[in-house]
Amino acid sequence: ERSRAFVARQQAHLVAHGYCRWKITLPETGEYLGFCGAEHKVLDGETVPEIGWWIAPEYWGKGYASEAAHAAFGHLWNQVRVRRITSCAFP
């Protein structure tokens, strides 16, 4: 139920803003690794896209998060044409 709600929220965000969090899969197998992309965050009183990700622990340290975040940044900057992007990490 929570997964369906997450997907529905991402689909609505994509329609409204032109970006959302995307599913990450292994190209060779189609296996689901996690997600990456952007949603809104209020920063200094301004609503900006925040790039975020979640990768299953067994795929950590293999460059998937970096590659996905780079793709998300490129999409936001080049296609959506936002002027400010943020990201944060929790320890």
Side-chain angles (χ1 to χ4, degrees):
E1 189 174 308
R2 287 185 357 199
S3 294
R4 284 190 178 111
F6 175 80
V7 169
R9 190 172 63 249
Q10 297 312 307
Q11 290 172 329
H13 199 278
L14 178 62
V15 169
H17 305 289
Y19 60 90
C20 66
R21 299 202 194 275
W22 307 316
K23 178 170 84 171
I24 301 171
T25 59
L26 275 177
E28 304 81 19
T29 65
E31 184 177 359
Y32 176 66
L33 309 181
F35 63 82
C36 180
E39 287 187 298
H40 286 335
K41 179 175 182 103
V42 177
L43 182 65
D44 300 328
E46 179 184 2
T47 301
V48 297
E50 177 187 37
I51 295 175
W53 55 87
W54 178 88
I55 305 290
E58 59 268 29
Y59 298 103
W60 291 359
K62 299 180 184 203
Y64 296 122
S66 297
E67 183 177 347
H70 187 265
F73 180 89
H75 174 74
L76 290 165
W77 195 256
N78 297 314
Q79 275 84 28
V80 182
R81 310 290 291 174
V82 299
R83 62 180 191 80
R84 189 173 184 194
I85 301 170
T86 188
S87 187
C88 65
F90 295 100

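W60 and W53 end up in the same hydrophobic cluster when Ile, Leu, Val, Met, Phe, Trp and Tyr side chains are linked at under 4.5 Å. A single hydrophobic cluster is not seen to contain both V7 and L14; linkage of ILVMFWY side chains at heavy-atom distances under 4.5 Å, directly or through other members, places them apart. Note on Y32: it does not cluster hydrophobically with I24, by side-chain heavy-atom contacts below 4.5 Å among ILVMFWY residues.
With respect to F6, the side chain to side chain contact (heavy atoms under 4.5 Å, CB included) criterion is satisfied by exactly one of R4, R9, R2: R9.
Using a 4.5 Å heavy-atom threshold, the side chains of L26 and Y59 count as touching. Side chains of W54 and R21 form no contact here, defined as non-hydrogen atoms less than 4.5 Å apart. Looking only at side-chain heavy atoms (C-beta outward), H75 and W22 come within less than 4.5 Å of each other. K62 is not listed as a side-chain neighbour of I55, based on a closest heavy-atom distance of 4.5 Å or more.
Crowding of H70 atom NE2: a count of heavy atoms from other residues, nucleotides or ligands under 6.0 Å not exceeding 12.
We find the CD-CZ distance between E46 and R83 to be 4.5 Å, quoted to the nearest 0.5 Å. Annotation: the span from F73 atom CZ to I85 atom CD1 amounts to 4.5 Å, rounded to 0.5 Å. Between the OH atom in Y64 and the OG1 atom in T25 there is a gap of 10.5 Å [rounded to 0.5 Å].
For S87 (side chain) and I51 (main-chain N/O), a donor-acceptor pair under 3.5 Å exists by modelled atom type. At distances below 3.5 Å, at least one donor-acceptor pair connects side-chain atoms of H13 with backbone N or O atoms of Y19. Between the side chain of H17 and the main chain of E39, no donor-acceptor pair closer than 3.5 Å is present.
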*Hey, mind stepping through R84 and D44 against side chain to side chain contact (heavy atoms under 4.5 Å, CB included) and telling me if it holds?*
CA-CA 12 Å; R84 189 173 184 194; D44 300 328; 3.0 Å; yes
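Across all non-hydrogen atoms, the minimal contact from P49 to A38 is CB-CB, 4.0 Å.
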